[in-house]
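Input: a single structure, listed below in structure tokens.
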Amino acid sequence: NLYRKNEPPQEPQPGMVMIHLARAEKPLGEPLMSDSELGVFVSAFESTGFTGSINWYRNLDRNWHLLAKVNPIIQQPTLMIYGERDLIPKFEKLTEYVPKAEVVSLDCGHWIQEETPDETNQAILKWLRKQSTT
């Protein structure tokens with residue numbers, strides 16, 4: 001789930017997910033973050049704005065042209081952590097573009113580090129330890 005955590009698995013429903021969530025009398029699952037955690041983000045965005053965060057998306061076409069001749073294959077060892085409940089599907093061709101990728105899947109949605117911080121840190125540290133011995 002992109003907006004809640006610990007939501008029970010269910011069949012996808014047509015329509016606009018955010019609208020359904022906003023209209024739900026009792027949303028499934030739990031909020032992604034506590035009010036105090038959300039406050040940290042609100043405070044930061046009130047101070048600096050949201051422009052920097054959305055500039056990546058505003059610049060997609062330019063980046064596409066700038067990177068057109070760059071080799072798309074990432075040769076460095078890479079850790080990819082997926083959330084099993086994420087609505088964004090796993091990239092089936094990952095190892096074609098990242099041949100040294102190691103994939104870990106955690107029982108969570110889209111916001112992996114927010115939903116499962118301990119498990120995420122453990123996966124990263126385990127992967128880093130393995131890299132230091134190779």
Side-chain angles (χ1 to χ4, degrees):
N1 185 321
L2 290 174
Y3 316 105
R4 310 279 291 175
K5 65 180 181 178
N6 299 324
E7 180 179 336
Q10 57 183 328
E11 291 292 318
Q13 297 178 4
M16 299 182 66
V17 176
M18 287 294 287
I19 300 298
H20 293 310
L21 179 61
R23 290 182 176 163
E25 289 184 30
K26 184 176 181 197
L28 296 174
E30 306 162 33
L32 278 174
M33 54 185 89
S34 69
D35 287 344
S36 63
E37 291 169 323
L38 179 60
V40 171
F41 288 92
V42 170
S43 176
F45 289 133
E46 285 176 343
S47 169
T48 63
F50 200 65
T51 302
S53 302
I54 61 174
N55 278 345
W56 167 258
Y57 300 99
R58 290 177 173 157
N59 203 42
L60 278 176
D61 289 341
R62 183 170 185 259
N63 285 343
W64 180 265
H65 293 288
L66 287 172
L67 298 173
K69 295 181 182 177
V70 173
N71 180 359
I73 308 302
I74 298 172
Q75 297 295 343
Q76 290 75 15
T78 306
L79 174 63
M80 178 64 195
I81 304 176
Y82 284 111
E84 284 294 326
R85 300 181 195 201
D86 195 345
L87 296 176
I88 309 300
K90 294 178 181 178
F91 184 46
E92 293 179 11
K93 296 182 178 184
L94 177 66
T95 55
E96 288 181 32
Y97 293 95
V98 191
K100 297 177 185 173
E102 181 176 329
V103 177
V104 171
S105 293
L106 299 178
D107 184 25
C108 60
H110 186 72
W111 305 106
I112 296 164
Q113 70 281 8
E114 189 71 36
E115 296 179 48
T116 55
D118 293 336
E119 295 88 343
T120 302
N121 286 335
Q122 288 172 12
I124 294 169
L125 291 171
K126 179 180 176 183
W127 184 82
L128 287 171
R129 280 192 292 274
K130 189 183 333 182
Q131 300 313 302
S132 69
T133 62
T134 57

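All residue numbers refer to positions in the sequence shown, counting from 1.
A heavy-atom distance below 4.5 Å is not found between the side chains of Met80 and Val98. Contact check for Ile81 versus Ile124: side-chain heavy atoms found under the 4.5 Å cut-off. Residues Thr78 and Lys100 form no side-chain contact, since every pair of their non-hydrogen atoms from C-beta on lies 4.5 Å or further apart. At a threshold of 4.5 Å between non-hydrogen side-chain atoms, the residues Met33 and Phe41 count as touching.
Between the CD atom in Gln131 and the NZ atom in Lys126 there is a gap of 12.0 Å [rounded to 0.5 Å]. The OG atom of Ser132 lies 10.5 Å from the CH2 atom of Trp127; values are rounded to the nearest 0.5 Å.
Across all non-hydrogen atoms, the minimal contact from Glu114 to Leu32 is CG-O, 3.6 Å. In terms of heavy atoms, Pro99 sits closest to Ile74 at CD-O, 3.3 Å. Closest approach of Glu115 to Gly109, counting heavy atoms only: OE1-N, 2.7 Å. What you find for Thr120 and Gln113 is that their closest heavy atoms are OG1-CA, 3.8 Å.
At most 12 non-hydrogen atoms from other residues, nucleotides or ligands lie less than 6.0 angstrom from CZ of Arg62. Within 6.0 Å of CZ on Phe91 lie more than 12 heavy atoms contributed by other residues, nucleotides or ligands. Asn71 CG: more than 12 foreign heavy atoms inside a 6.0 Å radius. Enclosure of atom CD in Gln75 by more than 12 non-hydrogen atoms of other residues, nucleotides or ligands within 6.0 angstrom is indicated.
In this structure, Lys130 pairs ionically with Glu102, as a charged nitrogen and a carboxylate oxygen lie closer than 4.0 Å.
The hydrophobic cluster containing Leu94 also contains Ile73, counting ILVMFWY residues as joined when their side-chain heavy atoms lie under 4.5 angstrom apart, directly or transitively. No path of Ile, Leu, Val, Met, Phe, Trp and Tyr side chains, each step under 4.5 Å between heavy atoms, connects Val103 with Leu79, placing them in separate hydrophobic clusters.
Listed by chain and residue number, Phe45 satisfy the ring pair (Phe, Tyr, Trp, His ring centres under 6.0 Å) test with Phe50 (two or more places apart in sequence, or in another chain).
Glu119 pairs with exactly one of Ile112, Val104, Leu106 by the side chain to side chain contact (heavy atoms under 4.5 Å, CB included) rule, that one being Leu106.
With hydrogens and angles ignored, the 3.5 Å screen pairs no side-chain donor or acceptor of Ser43 with any backbone N or O of Val40.
Checked by atom type, the side-chain pair Asn55/Asn59 shows no donor-acceptor distance below 3.5 Å.
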